[in-house]
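A quick write-up on the structure given underneath.
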Amino acid sequence: MIISKLKLTYLFIFLLCIFSKGFAQINSGITIKGIIKNTKNDAIDGATLFLKNGADGEVVKQGLTNTDGTFSFAVAKGGYVLVVSYLSVLTYQSEVLKLSDHTDLGIIKIETAPRNLKEIVIKSSGKKPLIRIEGRKMIYNIEKSITAQGTNVLEALKKTPGVIVNQDNSITLNGASGALLMINGRQTYLQTEELAQLLKSMSSSDLKSIEIIRNPSAEYDASGTGGIINLVLQKSIAEGFNGSINNGIAYGLTVKQNTSLNLNFRKGKINLFGSYNHNFGHFAMDYDNDRTTNGKIYLNSSHDVDKKHNIGSTLGADYAIDTAKTIGIVMNGNFSGGGGLITPITNIFDQSTGQLLQTLRSQSSYPSQKTNRYNVNLNYRYKGSKNNTLDIDADYGIFDAATKNLSTNTFYSPEGEFQSANNFLVANSRNINLYAVKADYGFPVGKGRMVTGAKYSDVSARNIFDQYDVNSGVNVIDINLSNTFKYQEQITAGYLKYETSLNDALQMDIGIRLENTHSTGDLKPREGSTQSATLVTRNYLNVFPTAGITYKTKESGTYNLSFSRRIDRPAYNDLNPFSYPVDELSYWKGNPFLQPQYANTLVLQYSCKNTTISAGYTHTSDLSSQITEVLEGNRIIMVPRNIGFQNNINLTVTQQIDIAKWWSMSLTGTGYRLENKVGTVAYGDYSRSCLAGTINIQQNFKIPGHITAEVSGVVNSKNISGLNTYVKGNSQVDLGLQKSLMNDKATLKLAITDLLRTNKINTDTQLNNLVLHTTYAGESRQIRLNFTYRFGNNKIKTKDDRESGLQNESQRL
């Protein structure tokens with residue numbers, strides 16, 4: 001079945017390539033073209049071209065001249081600036097070109113002797129804002145944040161407006177769970193735990209920006225009922241050899257060290273790039289887990305020390321066949337390894353008398369933990385002169401993780417006398433293999449443009465769980481508490497999207513996406529086990545419509561109304577029906593019959609200059625959430641279940657203000673009302689609702705002596721997580737200083753995060769006869785010192801904090 005689907009996918013891609021020739025004669029959109037020659041009238045082959053937005057200096061197109069010196073770009077109406085660079089030297093920059101029809105610039109002659117123009121740099125017509133809006137995207141330029149540097153990407157995500165990273169590392173967006181996280185527009189296909197390890201192995205200094213797409217159109221995967229968070233990585237467009245190295249230290253409870261190295265070489269048609277980063281150090285967390293059930297009170301306190309080291313690396317190459325066609329390869333490796341130690345103490349009381357009944361002293365040591373991820377991407381890009389485009393991507397990835405946990409559990413009487421003990425060793429390995437291939441083809445139709453595409457992905461996950469009894473001093477496997485769970489999922493998708501301008505002020509797009517999901521979950525107990533084997537196979541087809549309309553006015557800005565339907569499929573491990581212990585008193589178990597949840601979202605957005613207002617409504621059906629249930633003997637078990645539906649009404653306002661020439665501020669406020677409706681036989685019929693909000697503020701101050709100061713903060717109100725967990729409000733204040741050194745080749749940054757140590761997570765849950773209270777406090781308060789040095793060619797600057805308009809680009813080639 002997999003082979004037949006692959007054949008269909010490859011056939012579809014082949015037909016797209018054939019059709020591209022047929023559609024090549026259709027002429028729509030605006031074309032700007034010309035010929036680059038030197039002063040001797042010789043055609044210049046391989047000159048680098050940049051087409052910038054005339055309003056803000058942002059690079060919108062780039063390419064190389066052909067062997068005969070010709071070039072061509074397909075663009076929308078507007079104002080642009082053409083920049084030409086040859087042999088690492090800026091040789092030409094036009095005035096703002098007002099394009100309303102096809103334009104032939106004719107012959108442009110450039111000076112090829114670098115000695116005449118070696119001191120020229122390109123100045124932007126406007127500074128790059130911290131937050132900007134592009135269509136349905138909100139782009140947070142995190143590279144401009146001082147306090148976000150010197151940490152990993154998971155920590156940096158917490159500074160993004162509207163994004164909340166929960167205590168279990170799950171991510172919510174504007175109060176809605178199920179946000180899909182992508183890297184450079186590509187899925188990771190990893191679940192919460194594995195994704196968190198990947199993000200911890202990535203350096204925040206490698207990020208150019210974070211894109212928030214609340215209501216994606218049909219060309220995006222339908223996964224992610226909360227929307228899409230896309231991490232855009234740095235990529236230099238400067239010619240020649242250049243790079244940067246960042247070294248830093250941080251101190252919370254212990255010393256941590258981080259290093260990031262980025263290298264890039266671009267000459268003619270070839271671009272080579274690579275990066276390395278690591279985060280070394282121990283990270284501590286204290287958490288309490290107190291519960292009341294069946295007449296007893298359990299007060300649990302734990303200290304957790306994570307000793308893993310995280311390393312990330314990238315190696316890639318792009319080759320420009322000509323100005324229209326580019327091929328590339330990108331290889332990523334992310335590695336995490338080291339030990340860990342958790343020391344919980346649980347005191348058990350009688351609820352009615354308050355008398356201490358027992359004390360459980362536990363210890364979970366992790367002598368072995370490893371996580372390795374390898375990913376290879378091959379890509380082909382075609383951008384024709386008549387607005388024809390073809391993008392093909394093929395991905396192959398491996399995720400390999402293994403953990404050993406030695407858990408000792410000893411019960412003592414109120415007088416401190418030994419009562420009983422239970423010690424066990426858990427060996428857990430997780431292996432994931434993924435394949436994905438997709439093609440997207442765009443071509444003009446009438447006054448608009450059609451985009452169509454297909455995608456096939458195959459994910460195979462294998463989870464081996466072995467538990468050993470170590471009470472006798474010899475490891476004896478417990479066949480009734482050990483299993484192997486295999487999960488396979490194939491998704492075949494295709495879409496159509498049409499976008500057009502109805503007039504100068506009104507634009508619209510409409511799309512439809514089909515996704516067929518085939519999955520198999522296979523639980524195999526050990527031979528001789530009393531547990532039963534379980535095999536669950538599913539095959540379902542979903543239709544995901546999208547639509548959007550944009551109205552632009554000369555005076556009051558832009559209005560955009562959009563609709564989309566999206567899906568969240570169950571995580572692989574959530575479908576594993578086997579139960580395994582977290583400690584002596586709590587267990588986790590998957591649900592093989594867990595269904596996907598679906599969301600319909602409507603968003604109205606208004607933007608004008610430095611102001612953006614967005615209002616949205618999301619209805620999520622078949623809402624899935626982890627439920628904590630009480631078992632015999634007062635043990636608890638955590639099980640994911642479909643429990644009802646959710647309504648989310650939200651409003652977000654973003655305002656950027658230049659208070660003075662030396663003082664700027666960015667403010668984002670999000671308010672939402674979340675309502676969970678439960679309607680099941682086991683849990684009754686009731687609702688949980690909450691009004692909540694988040695405020696993000698970042699202020700920047702320019703101080704004499706090339707010094708920039710930053711004061712940023714986030715305030716989260718009380719909110720709901722999952723089914724009926726109420727999370728108390730928290731906040732964080734960060735301070736930062738940045739100084740430019742060595743003629744702007746180096747930067748020194750000093751930051752203090754969570755200055756008041758108020759970023760703590762407190763939750764309260766009540767379900768039937770269970771009352772649960774938890775508290776989490778990590779090393780959020782740290783002092784960080786980072787030094788960055790940029791080397792190599794800087795005639796066309798790769799970072800534009802002060803004067804360069806040529807931004808680092810990602811996914812341009």
_For Tyr276 and His278, take the angle between the two ring planes, folded into 0 to 90°, and tell me which bin it lands in: parallel under 30, tilted 30 to 60, perpendicular over 60._
perpendicular
*Among Val153, Ile183, Thr371, find the residue that satisfies the side chain to side chain contact (heavy atoms under 4.5 Å, CB included) test when tested with Leu198.*
Ile183
*asked:* Would the distance check show the side chain of His773 and the main-chain N or O of Thr763 forming a donor-acceptor pair, the cut-off being under 3.5 Å?
replied: yes
*Locate the shortest heavy-atom distance separating Lys760 from Ala777; write the atom from each residue and the value.*
CG-CB, 4.0 Å
*asked:* Which residues pass the side-chain hydrogen bond (donor to acceptor under 3.5 Å, both in side chains) test with Ser564, not counting sequence neighbours?
replied: Asn215
*Can you find a side-chain donor-acceptor pair between Asn300 and Ser302 that sits under 3.5 Å?*
yes
*Compare all side-chain heavy atoms of Asp734 with those of Gln732 and state whether any distance is below 4.5 angstrom.*
yes
*Would you tell me whether Thr550 and Asn560 have side-chain atoms, one donor and one acceptor, within less than 3.5 Å of each other?*
yes
*Could you tell me whether the side chains of Ser260 and Asp206 share a donor-acceptor contact shorter than 3.5 Å?*
yes
*Taking atom types as modelled, find out whether Asn246 and Asn277 have a side-chain donor-acceptor pair closer than 3.5 angstrom.*
no
_Backbone of Asn332 reached by a side-chain donor or acceptor of Thr314 within 3.5 Å_ = no
_Any Asn247 side-chain heavy atom under 4.5 Å of Gln257 side chain_ = yes
_Side-chain H-bond candidate by donor/acceptor type, Asn647 with Tyr617, under 3.5 Å_ = yes
_What's the separation between atom OG1 in Thr147 and atom CD in Glu155, rounded to the nearest 0.5 Å?_
11.5 Å
_Testing the 3.5 Å rule here: is there a donor-acceptor pair between the side chains of Thr611 and Lys609?_
no
_Non-hydrogen atoms of Ser666 and Gln656 that approach each other most closely_ = OG-CG, 3.9 Å
*Kindly give the heavy-atom pair with the smallest separation between Leu750 and Ile146, and that separation in Å.*
O-CG2, 4.5 Å
*Under the 3.5 angstrom rule, does the side chain of Thr758 hit a backbone N or O of Ser731 as a donor-acceptor pair?*
yes
*Side chains of Thr747 and Arg790: donor-acceptor distance under 3.5 Å anywhere?*
yes
_Residue pair Lys159 / Ser712, side-chain donor-acceptor N/O under 3.5 Å_ = yes
*Is the shortest heavy-atom distance from the side chain of Phe280 to the side chain of Ile311 under 4.5 Å?*
yes
*Can you find a side-chain donor-acceptor pair between Ser205 and Ser203 that sits under 3.5 Å?*
yes
*Could you tell me whether the side chains of Asn310 and Ser336 share a donor-acceptor contact shorter than 3.5 Å?*
yes
_If you compare all heavy atoms of Ile245 against all heavy atoms of Phe791, which two are closest, and at what distance to 0.1 Å?_
N-CE2, 4.2 Å
*Any luck finding a side-chain donor-acceptor pair between Gln597 and Asp568 under 3.5 Å?*
yes
_Gln782 vs Asp754 side-chain heavy atoms within contact, under 4.5 Å_ = no
*Where the side chain of Arg566 meets the backbone of Gly224, is there a donor-acceptor pair that is under 3.5 Å apart?*
yes
*asked:* Between Thr788 and Ser244, do the side chains contain a donor N or O and an acceptor N or O under 3.5 Å apart?
replied: no
*Please work out which of the three classes, parallel, tilted or perpendicular, describes the rings of Tyr606 and Tyr559, given edges at 30° and 60°.*
tilted
_Quick one, Phe283 and Lys256 - any side-chain contact, counting heavy atoms below 4.5 Å?_
yes
*I would like to know whether Asn648 and Thr620 meet side chain to side chain contact (heavy atoms under 4.5 Å, CB included); could you show each step before the answer?*
CA-CA 8 Å; Asn648 183 333; Thr620 304; over 6 Å; no
_I'd like to know if the side chain of Thr652 pairs up with that of Ser614 as donor and acceptor (distance under 3.5 Å, no hydrogens or angles considered)._
no
